[in-house]
Protein chains: 2
Amino acid sequence: MLTISMLVNEPALAALEENSVKDNNDMPGHLARRFQQIAVAVFLAEVADAGFDLTPVQYAALATIKANPGLDQVTLAGLIAYDRTTITGVIDRLVQKGLAERRASSRDRRARELEITDEGRRTLRKITPAVESAQRIMLGGLSAKEGEELMRLLRKAIAAGNELSRAPLRDVQV
Amino acid sequence: MLTISMLVNEPALAALEENSVKDNNDMPGHLARRFQQIAVAVFLAEVADAGFDLTPVQYAALATIKANPGLDQVTLAGLIAYDRTTITGVIDRLVQKGLAERRASSRDRRARELEITDEGRRTLRKITPAVESAQRIMLGGLSAKEGEELMRLLRKAIAAGNELSRAPLRDVQV
DNA sequence: GGATATTGCTCAGTATGCTGACTATCAGTA
DNA sequence: TACTGATAGTCAGCATACTGAGCAATATCC
């Protein structure tokens, strides 16, 4: 195999590559992906252990509907930073599971008003310990102080980058 | 709407809910998802600005193939913590773009040996500034010291949770 | 050597997430 | 009121990620 490294002097190239690409596993983007990957796996495992079948995304949507009864899909999306095209499918599944309801709005015939069902409320209540346990587990390698610091730094980085994704977090517009 | 809160005394319940569910947006799992969401958006935007069409996952795979010529798919998956079923599609697309090659292994007829093409090498080289710029942007809200600390804490949390996802990071088995 | 277990890869199915396009509706304005 | 622009939601299409199943080949153990 002929590589560029054969055409230049070795130490110079090694140094250059060391500086430029580094280890892929040490880049913030990779760490973000990996932490999220573990977080989702832990969430699903804890929730499944508790006897439920709910994804992190579905949980967040359901909890937000409960806290803001009658909200529309775009508002929900803004409150938890989902893309509006993703919300459609998530709500479909919550409705199909009988945990939420989607009704046409009378104020605005374009909009759908979302409500949690009794079954949804029951599920949220029973699932809460598993959700909290999952949050603890995903910070399990850190001391309490480190966990707090990680969350503070994530919040700060996220706040600065909020507008950079297609689905930024939006304040409630009461 | 009849809720549990109507059946118990209000302050007690408010405190309980405050303690139990908190704001969904403040949970580690949500922060993980959000940070990753921004990281991917920034990566894609920077790379597109540079005139390329490569996802974070494809980039990581290509860079790892370059650093470990001839490796098989399972080893690649382990090196960057992908699920082996995900790798199949990622390699498909790298091959289809002409950036990598997949050859049957002579040692083990089950395995496929992966190689980067000249075109792949050229792409990696030209794309590197955009990738690095993306890493800077996603930490843009943090000081240099905070960025370092965030990465340290992420590495630590990830190391502790490595085995909890279906696709843990695996050391090179040379 | 032969049964058994393991491994490398793929595939079908499901659930995020995104881009871009489209419909229906609403809001503001000339 | 008619026009224009913005907004709510959906859809098609693509790319991760995962579960679970299956096939082919290799390793291991008796």
- Can you tell if the side chain of Val42(B) reaches within under 4.5 Å of the side chain of Gln135(B), non-hydrogen atoms only? no

- Whole Å only: how far is the CZ atom of Arg34(B) from the C1' atom of dC18(C)? 14 Å

- May I have the distance from Ile91(B) (atom CD1) to dA17(D) (atom C1'), rounded to whole angstrom? 15 Å

- Message: Considering every strand and a 4.0 Å limit on heavy-atom distances, what is the contact class for Arg109(B): base, sugar-phosphate, or nothing?
- Response: sugar-phosphate

- Query: Under a 4.0 Å N-O cut-off, is there an ion pair linking Glu113(B) with Arg107(B)?
  - Reply: yes

- Among the nucleotides dC11(D), dA17(D), dT10(C), which one has an atom lying closest to any side-chain atom of Arg33(A)? dA17(D)

- Message: For a 4.5 angstrom cut-off between non-hydrogen side-chain atoms, does Glu101(A) reach Val95(A)?
- Response: no

- Task: Identify, between Ile87(A) and Asp83(B), the residue whose nearest nucleotide on DNA chain D lies closer to the 5' end.
- Result: Ile87(A)

- Query: Quick one: do Glu148(A) and Lys145(A) make a salt bridge, cutoff under 4.0 Å?
  - Reply: no

- Query: Does Arg93(A) put a side-chain nitrogen or oxygen below 4.0 Å from OP1 or OP2 of dT16(C)?
  - Reply: yes

- Contact check, side chains of Arg34(B) and Asn162(A), non-hydrogen atoms, under 4.5 Å: yes

- Hey, does the side chain of Thr88(B) come within less than 4.0 Å of dT10(C)'s phosphate (OP1/OP2), counting only N and O? yes

- Task: Whole angstrom is fine here: how far is it from OH in Tyr82(B) over to P in dA15(D)?
- Result: 14 Å

- Message: Could you check whether atom CD of Glu163(A) has more than 12 heavy atoms from other residues, nucleotides or ligands sitting under 6.0 Å from it?
- Response: yes

- Assert: residue with more 5' nearest nucleotide on DNA chain C, out of Ala167(A) and Lys97(A), is Lys97(A)

- SB check Glu146(B) Arg152(A) (cutoff 4.0 Å): yes

- Asp72(A) with Arg110(A): basic N within carboxylate O range, under 4.0 Å: no

- Task: In plain terms, say whether Arg125(A) and Glu119(A) are close enough for a salt bridge, that is, a side-chain N and a carboxylate O under 4.0 Å apart.
- Result: no

- In residues 35-57 of chain A, which residues come under 4.0 Å of DNA chain D by heavy atom? Gln37(A)

- Spacing of Leu164(B) atom CG relative to dC18(D) atom P, expressed in whole Å: 12 Å

- Between dG17(C) (P) and Asp92(A) (CG): distance, integer Å: 16 Å

- Compare the minimum distances between each of dT16(D), dT10(C), dT16(C) and the side chain of Val90(B), then state the nucleotide with the smallest one. dT16(D)

- Task: Please state how far atom CG in Leu76(A) lies from atom P in dT16(C), giving the value in whole angstrom units.
- Result: 12 Å

- Hey, are Lys156(B) and Glu149(B) close enough for a salt bridge, meaning a charged N less than 4.0 Å from a carboxylate O? no

Every protein N/O within reach of nucleotides 1-8 of chain C N/O, cut-off under 3.5 Å:
residue: dT7(C); atom: O2; partner: Arg110(B); partner atom: NH1; Å: 2.3

- Message: It should be established whether Arg102(A) places a side-chain nitrogen or oxygen under 4.0 Å from OP1 or OP2 of nucleotide dT10(D).
- Response: yes

- Over how many whole Å does the gap from Gln58(A) atom CD to dT16(C) atom C1' extend? 10 Å

- Query: Rounded to whole angstroms, how far apart are CZ on Arg166(B) and P on dC9(C)?
  - Reply: 14 Å

